[in-house]
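In the text below, chain A, chain B and the rest are named by the order of the sequence lines, each starting its count at 1.
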Number of protein chains: 2
Amino acid sequence: MEGKGGDRLHNLDIQRTMPRGRPREFDTETALNNAMLVFWRRGYRATSLDDLTEAMQVNKPSLYAAFGDKESLFLQVIDFYANNLLAPRSSRLMQADDMRSGLERYFADLSEVVVGKSYPPGCLIACVLTEECAESEALKEKLASMIKGADERLAKFFNTHKEELKSDLSPKQAAKLLLSTIYGLSIRARAGTPKRELVEICEAFIKSIAK
Amino acid sequence: MEGKGGDRLHNLDIQRTMPRGRPREFDTETALNNAMLVFWRRGYRATSLDDLTEAMQVNKPSLYAAFGDKESLFLQVIDFYANNLLAPRSSRLMQADDMRSGLERYFADLSEVVVGKSYPPGCLIACVLTEECAESEALKEKLASMIKGADERLAKFFNTHKEELKSDLSPKQAAKLLLSTIYGLSIRARAGTPKRELVEICEAFIKSIAK
DNA sequence: TTTATTCTATACTGGTCAGTACATTATTCC
DNA sequence: GGAATAATGTACTGACCAGTATAGAATAAA
């Protein structure tokens, strides 16, 4: 009797983690990662659904069932990018002991994303989302919220190191200048500027805001 | 006899300015300006040839005869943009008496382009060319040459005012930071950031590089 | 007035696009 | 094992796309 109850509970447990029908043959994270790489390399409009299904190894009906339409998939890709490529690097920035070394490491970390061999050149948000957001209110809001989040996080960092800031600069101002610098790096990377030139800009930025 | 010779010369002269066939019914500059506005608002890929012919008031065969294919037209649009909207503003910068007032006016001038009511938000180069340049070598080279030109012009400006620069910053470095700042403004404008917030960034930039 | 030339207008083309209908397959629940 | 559920694979659809063929109209030269 108790055995039956235990079994039922056990089954409910399985039901929660193992849904009814035919199981998915693809991994959502892997598929999103591959979608990200295509959008990043080719841009939003230039990426066709056929490009996506090929890269993601997911056919169209499955893609629509799992991610919705192209724009909805792109929004999920942006979140995936922010969570997996940007967030860990800004977390590391927050742990820095001082402003200068923190920024140096942050720029080094970010350059893996923006000019690294593992990814297409430039920041996905700066280079791809920015163009397309003119055509869609949802994408525009996504861009705005990404910028707001970055501004706040970076301002928090500068706030904990304000004694190292040039005296007439506020943490918020420094944060916005840093974000601009990152966008600048990104666009230059897209244009093919070699990493060595970008490093000089990072150094110049640190000089410009430091006491 | 001399009269005949004079007439012939006169006719040759007309031939040079007045070509043979049916005259064009559209003005090239006006058409380019209208093409620019569409590309700027909608992006490169999202702009169809039908959008262009409607905006330019030029039908497709005439458009192809006058400007070549879509990419070729876009390249001419970029030059039109640089020559007509950017060049006059950076010329005015070069005439400034001191760094601070020069930059203040430059930012004010540029904000007409980037957040003005007369144009779509953001810089055409930063927001539109940057995405598409990943798909075309010609566009990538155009972006690179635009960046190079801007770097050189701005460095020249800072070089004539280097006594006002923070002592550890070179004119070249200041130029690259300024260009990054402009890109940052541009992307924020595309996201819908109001002008008043952008002005704060301009002020912060000037503080960051000034002595 | 004729001819050569150049632009204009319309209609068309082959290809690609985002999104979907439908039949099939794999799995859980009963 | 049978019903219900949820995925997969293929093939399709109407719309739109960049670019062009063809015929007609406006001009300069002869």
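Nearest heavy-atom pair across Glu112(A) and Tyr119(A) is O-CD1, 3.6 Å. What you find for Met56(A) and Ala31(A) is that their closest heavy atoms are CG-O, 3.5 Å. Between Arg190(A) and Ala134(B), the closest heavy-atom pair is NH2-CB, 3.4 Å. Looking at every heavy atom in both residues, Thr47(A) comes nearest to Lys70(A) through O-NZ, 2.8 Å.
Across the protein-nucleic acid pair, Asp50(A) atom CG and dT20(C) atom C1' stand 14 Å apart, rounded to whole Å. Atom CG of Asp69(B) is separated from atom C1' of dC17(D) by 14 Å (rounded to the nearest Å). Here the C1' atom of nucleotide dC7(C) and the CZ atom of Arg24(B) are 8 Å apart, to the nearest Å. The distance between atom CD of Gln57(A) and atom C1' of dT8(D), rounded to the nearest whole Å, is 13 Å. We find that CD of Glu54(B) is positioned 15 Å from C1' of dC16(D), with the value rounded to whole Å. As a whole-Å value, the separation of Leu73(B) CG from dA18(D) P is 11 Å. In this structure, the NZ atom of Lys60(A) is 8 Å from the P atom of dA18(C), given to the nearest Å. Taking atom CG of Leu63(B) as the reference point, atom P of dA9(C) lies 13 Å away to the nearest angstrom.
For Arg22(A) against dT25(C), a side-chain-to-base donor-acceptor contact under 3.5 Å is present.
Taking the side chain of Ser62(A) as heavy atoms from C-beta on, and the options dC7(C), dT6(C), dT8(D), the nearest nucleotide is dT8(D). With dT8(D), dC29(C), dG19(C) as the candidates, the nucleotide lying closest to the side chain of Lys70(A) is dG19(C). The side chain of Glu25(A) approaches dG9(D) more closely than any other nucleotide in the set dG9(D), dC17(D), dA18(C). Nearest nucleotide to the Pro61(B) side chain, out of dT10(C), dA18(C), dG9(D): dT10(C). Closest approach to the Tyr64(B) side chain among dA29(D), dC17(C), dG19(D) is made by dG19(D) (side chain taken as heavy atoms from C-beta onward). Nearest to the side-chain atoms of Arg20(B) among the listed nucleotides dG19(C), dT5(C), dT8(D) stands dT5(C).
Backbone-only engagement by Pro23(B) is indicated by non-hydrogen atom pairs under 4.0 Å involving sugar-phosphate atoms exclusively. Nucleic acid contact class of Thr53(B) (heavy atoms, under 4.0 Å, all strands): none.
Donor-acceptor pairing under 3.5 Å is recorded for the side chains of Gln76(B) and Ser72(B).
The residue among Ala65(B) and Thr47(A) whose nearest nucleotide of DNA chain C lies closer to the 5′ end is Ala65(B). Comparing Val58(A) and Asp51(B) against DNA chain D, the residue whose closest nucleotide sits nearer the 5' end is Val58(A).
Note on Ser48(B): every side-chain N or O is 4.0 Å or more away from OP1 and OP2 of dC16(D). Not one side-chain nitrogen or oxygen of Asn59(B) sits closer than 4.0 Å to the OP1 or OP2 atom of dT8(C).
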Show every donor-acceptor pair shorter than 3.5 Å between a side-chain atom in residues 173-181 of chain B and any protein atom, with sequence neighbours excluded, or say none if there are none.
{"unit_1": "Gln173(B)", "atom_1": "OE1", "unit_2": "Ser170(B)", "atom_2": "N", "d": "3.0"}
{"unit_1": "Gln173(B)", "atom_1": "OE1", "unit_2": "Ser170(B)", "atom_2": "OG", "d": "3.4"}
{"unit_1": "Ser180(B)", "atom_1": "OG", "unit_2": "Lys176(B)", "atom_2": "O", "d": "3.1"}
{"unit_1": "Thr181(B)", "atom_1": "OG1", "unit_2": "Leu177(B)", "atom_2": "O", "d": "2.9"}

